[in-house]
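Quick caveat, the model's predicted, so the values are computed rather than measured.
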Amino acid sequence: MDFINVEKKWQKKWEESKLYSFDKSKMKDKYYVLEMFSYPSGAKLHAGHWYNYGPTDSYARFMRMNGKEVFQPMGFDAFGLPAENYAIKSGIHPQDSTLKNIATMEGQLKAMGASFDWDYEIKTCMPDYYKWTQWIFLQLYKNGLAYRKEAPVNWCPSCNTVLANEQVVDGACERCHTTVLRKNLTQWFFKITQYAEELLQGLDTIDWPEKTKAMQRNWIGKSSGGEIEFELESGDKFKVFTTRADTVFGVSYVILAPEHPLVDKITTDAQKAAVDAYKLECSKASEIERLSTTREKTGVFTGAYCINPVNGDKVPVWIGDYVLYSYGTGAVMGVAAHDERDYDFAKKFDLQIKRVVKSADGKNDDLPFCDYGVICNTGTQFDGITSQEGKIAIVKWLEEKNQGQLKTNYRLRDWLISRQRYWGAPIPIVYCDKCGEVAVPEKDLPVQLPYNVEFKPNGKSPLASCEEFMNTTCPKCGGKARRDPDTMDTFVCSSWYFLRYPDAHNDKMAFDPEIINKMLPVDKYVGGAEHACMHLLYARFFTKALRDMGYLKFDEPFKSLVHQGTILGPDGFKMSKSRGNIISPDDYVSKFGSDAFRLYLMFGFSYIEGGPWSATGMESITKFLERVERIVDKSISLNNSVTKMDAEEKALNYTRNYTIKRVSEDTKAFSFNTAIARIMEYVNDLYKYDNLPCEKNAKFFKECIENLVLLLAPFVPHIAEELNEKMGGTYSVFDKAYPVCDEKALVKDEYELAVQVNSRMKAKIVVPSDADNKTIEDIALNNDLVKNATQGLNIVKVIVIPKRLVNIVCK
RNA sequence: GCCGAAGUGGUGGAAUUGGCAGACGCGCCGGACUCAAAAUCCGGUGAUGGCGACAUCGUGCGGGUUCAAGUCCCGCCUUCGGCACCA
């Protein structure tokens, strides 16, 4: 078969006949299969994209053949940093490079022959899409879920620009190697923390990989404890969050994040120079560095003291970079004897270590450090109370005195969405001298991203220098106003695209709730595990927020989720331009065809694991497909002779039904490599039968071959379509039903099982299918090989596991 | 550093979730067909020892639980993903 031309032929026919058009009248059988859309940064799709889209398309086709009305759209997450960086280097406008890349990728995706319904394509950089991204911003804003506050950005003082984390290498700017500083800017945030608890609870209701749920749980990071208020000698107050209120009697110092607003106010003149120097140092460290538990602790005394509310102790106030301003209250109480980091800090700076909890069993009480136990040495009513109860008792006691309260804290932070970049969706807010911050009215959307903008770094957001963009009138008072010069994080665009797809051309609404509430949630979402915490959490947040606004009637966007593994370069490293190890599918597709290439991807790797690319065995896939074709041709050449079902036919019938069963189960579970292995076994059995010869019951043989073509159809769609036509089948093979296993054919009257003596394999026995344990035991003990192996030994116990094995324990 | 995974023949990977380790491929070896080669079809293939039936060892390393461990528990090593501005 000329695979290449066969593929072209069927792709044309599929397109002409609109085979993959979603039929809205069959909405009740809808099945929404979604692959994470691609980012058109590199000019072309690489093997990794195929690995995501090819097998998932096979899954979609499988569901289609199982009676589902499959909706499988495709689009592009088209805004983002790389296009802008490329523009700075090459002078090619991000819009031009992006649209060109998209055109190339569309061509590649079409050559793949996937069953995408292109009528619903989305490009997030087009005004007809980002108009509605801005609309969603406004809805969040109106509902109090968008607000502004100061937050640090990476600042390169030499390039005079904000850097992405990716552009910071070892604390320095990747371009000029200047040390990067954190600099505060007023920026927009989405209040995802308001949904922290529901985002956590909802995980129990969805069919996602356990590890992904675990990552989200840890990311949300719920912990319960108390907030305790400390008062400074100056009269200023601040709160600390702690999960160990039982140790509050042991506070020997308090430590604020260097960014804490109180720091400048309380620092004494004598300490000012040291504090300022330290703050500058801290602005050079990344959060990952600051959170390292092995890094040596650093800090500076502010010169101020505060009072421990539980015992009146006067303790020094320090600043230290292991305290993050973004977590909790940005301040912690230092309890050196009962927290490892505090212990390290106290050791380093020679602060008091005060033991107030002893272990319940009295052990380790001579050590300076202890985790949990009983409160002691405080001279209060709490002595003797174990830490678990002590925590609550002490916070409640403080609550009565207005000095604290029980508090659930989340590690999750609000989502910073402002980007000081050009290539993104503009933020639909204007600033008026009279009215302040004013939302752009919905009728004025989209706030169009201007084309002619200078994006060379000049210390401001690129849009800030574009006067025609910046200058506008205030929608409230009609006076002069300035637009927000920042654009939105691209994660905002990708947090709702699955809502847009089913109603992609609606120019009145972001989506019609009538349609969306029927089409969503997504039934199967497939994409990389690297999105576990960010994209997948943001999308859940948007869904819940839009639900609370009344637009949606479901709680979770993605009912079921699968992560494909990563295809690494042949060198075992992640594919990247800089390593030069990118595998392009195009060469393989033009040589072997799309079907062979995707079948190879499915068969050669464990789908959720991935692994290094290797083309070894690529040819063997073509050989297998030719082997399939030969046996199909053989069946076509036969007359429809019929004889009764002999042992051979029964055996083949068993394999056929076993194959149908296993292939269906494995495909449902995204275990494509084993599904294909079972088909290969089936083909091997068909050849054995063919050698018999198969003419005697050609009708049965033909049936088996028809099943083979249907079984293969989701995996090699073009070839299956061609074989179906050759066999005289009607168009399309994808309108036919997937074979269903006949359970009766799988019933056997006897089966083989293994017999072990002292856990070593000694024999195989055949037992009737309905044999009870006693019968099995008797058959096993009467086996000659078993008798040999147990000779002269005492049989202590016989363990019979039906369908598995027998283990005879002897001494 | 913290969170989440993975480690199985020469090789890609299987293993019904505690029950015959190595399915199915690749590679290699052999046979059939052929004047010959290719292609194809059939068979073999974890390691060590033995002519042999068979025996011993074997799932990153070290311990443990169990009649039984790739799978569970404890402690390590290595590799990969994420850590909030790559997406």
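A cation-pi arrangement, defined by a distance under 6.0 Å to the six-membered ring centre and an angle within 45 degrees of its axis, is absent between Arg598(A) and Trp50(A).
Using Watson-Crick or G-U wobble geometry with both donor-acceptor distances under 3.5 Å, rA36(B) finds no partner in any strand shown. In this structure, rA87(B) forms no base pair with any nucleotide, since neither Watson-Crick nor G-U wobble geometry is met with both distances under 3.5 Å. Under the Watson-Crick or G-U wobble criterion, with both distances below 3.5 Å, rG30(B) is paired with rC42(B). With a cut-off of 3.5 Å on both Watson-Crick or G-U wobble distances, the partner of rU66(B) is given as none. Nucleotide rU71(B) has no partner under the Watson-Crick or G-U criteria, as no pair reaches both atom distances under 3.5 Å. Using Watson-Crick or G-U wobble geometry with both donor-acceptor distances under 3.5 Å, rU78(B) finds its partner in rA6(B). When Watson-Crick and G-U wobble pairs are counted only if both distances are under 3.5 Å, rU17(B) pairs with no nucleotide at all. Across the strands present, rU48(B) finds its partner in rA55(B); the criterion is a Watson-Crick or G-U wobble pair with both atom distances under 3.5 angstrom.
Comparing rC26(B), rC42(B), rA5(B) against the side chain of Lys211(A) picks out rA5(B) as the nearest. Counting only heavy atoms from C-beta on, Ile288(A) has its side chain closest to rC83(B) among rC41(B), rG13(B), rC83(B). Of the candidate nucleotides rA14(B), rA87(B), rC57(B), rA14(B) has the atom lying nearest to any side-chain atom of Thr674(A). Picking from rC41(B), rG81(B), rC85(B) the nucleotide with the shortest atom distance to the side chain of Ala164(A) gives rC85(B). For Ser620(A), taking side-chain heavy atoms from C-beta onward, the closest of the listed nucleotides rC57(B), rG25(B), rC85(B) is rG25(B).
With Tyr525(A) as the fixed residue, the ring-ring contact (aromatic ring centres under 6.0 Å, His included) test singles out one of Phe37(A), Trp208(A), Phe558(A): Phe558(A).
Residue-level contact check: Val168(A) touches neither bases nor backbone, having no heavy atom under 4.0 Å from any strand. Residue contacts shown for Trp415(A) are absent, as no nucleic acid heavy atom lies under 4.0 Å away. Ser38(A) comes within contact range of no nucleotide atom at all, as no heavy-atom separation falls under 4.0 Å. No contact: Lys661(A) has no heavy atom under 4.0 Å from any strand. Note on Leu412(A): a base of the nucleic acid sits closer than 4.0 angstrom, heavy atoms only. Nucleic acid contact for Arg411(A): base, since at least one base atom lies under 4.0 Å from a heavy atom of the residue. If you check every strand for non-hydrogen atoms under 4.0 Å, Gly527(A) touches nothing. Counting any heavy atom pair closer than 4.0 Å across all strands shown, Thr490(A) reaches sugar-phosphate atoms only and no base atom. Across all strands, Leu81(A) comes closer than 4.0 Å only to sugar-phosphate atoms, never to a base (heavy-atom distances). Residue Arg678(A) is classed as a base contact, given a heavy-atom separation below 4.0 Å to a base. At the heavy-atom level, Phe491(A) lies under 4.0 Å from base atoms of the strands shown. Note on Arg421(A): a base of the nucleic acid sits closer than 4.0 angstrom, heavy atoms only. Note on Glu619(A): nothing from the nucleic acid sits closer than 4.0 angstrom, heavy atoms only. At a threshold of 4.0 angstrom between heavy atoms, the contacts of Asn758(A) with the nucleic acid are absent.
Donor-acceptor pairing under 3.5 Å, judged by distance alone, is absent between the side chain of Lys574(A) and the base of rC80(B). A donor N or O paired with an acceptor N or O is found under 3.5 Å between the base of rC85(B) and the side-chain atoms of Gln187(A). Counting atom types as modelled, Asn807(A) pairs a side-chain N or O with a base atom of rC67(B) as donor and acceptor under 3.5 Å. Scanning atom types as modelled, no donor and acceptor separated by under 3.5 angstrom connect the side chain of Gln756(A) and the base of rC67(B).
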List the steps, then state whether salt bridge (charged side-chain N to carboxylate O under 4.0 Å, His left out) holds for Glu296(A) with Arg341(A).
-> CA-CA 10 Å; Glu296(A) 197 175 349; Arg341(A) 290 161 306 175; over 6 Å; no
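Computed from coordinates, the Asn52(A) CG to rA87(B) P distance equals 18 Å when rounded to whole Å. Put simply, CE on Met488(A) is 18 Å from P on rC86(B), counting in whole angstrom units.
Regarding contacts with the backbone of rA84(B), every side-chain N or O of Arg413(A) stays at 4.0 angstrom or more from both OP1 and OP2. Side-chain N/O atoms of Tyr39(A) include none lying less than 4.0 angstrom from OP1 or OP2 on rC86(B). A sub-4.0 Å separation between OP1 or OP2 of rG1(B) and a side-chain N or O of Lys297(A) is absent. Considering only side-chain N and O atoms, Asn218(A) lies nowhere under 4.0 angstrom from the phosphate OP1 or OP2 of rC83(B). Considering only side-chain N and O atoms, Asn673(A) lies under 4.0 angstrom from the phosphate OP1 or OP2 of rA14(B). The shortest distance between the side-chain N/O atoms of Arg760(A) and the OP1/OP2 oxygens of rC57(B) is below 4.0 Å.
Base orientation of rG9(B): syn, the glycosidic angle falling within 90° of 0. The glycosidic torsion of rU17(B) lies within 90° of 0, which places this base in the syn conformation.
In this pair, Tyr497(A) and His535(A) present their aromatic rings tilted. The plane angle is within the 30 to 60° band.
Using a 3.5 Å distance cut-off with no hydrogens or angles, the side chains of Arg540(A) and Gln216(A) do pair a donor with an acceptor. Counted by atom type alone, Asp486(A) and Gln420(A) present one or more donor-acceptor pairs between their side chains at under 3.5 Å. Side-chain contact of Arg413(A) with Ser326(A): a donor-acceptor pair under 3.5 Å is present, judged by distance alone.
Between Lys623(A) and Gly604(A), the one whose closest nucleotide on RNA chain B sits nearer the 5' end is Gly604(A). Each of Ala214(A) and Glu681(A) lies near RNA chain B, and the nucleotide nearest Ala214(A) is the one positioned closer to the 5' end.
For Ile795(A), the CD1 atom is densely surrounded, since the number of other residues' heavy atoms within 6.0 Å is greater than 12.
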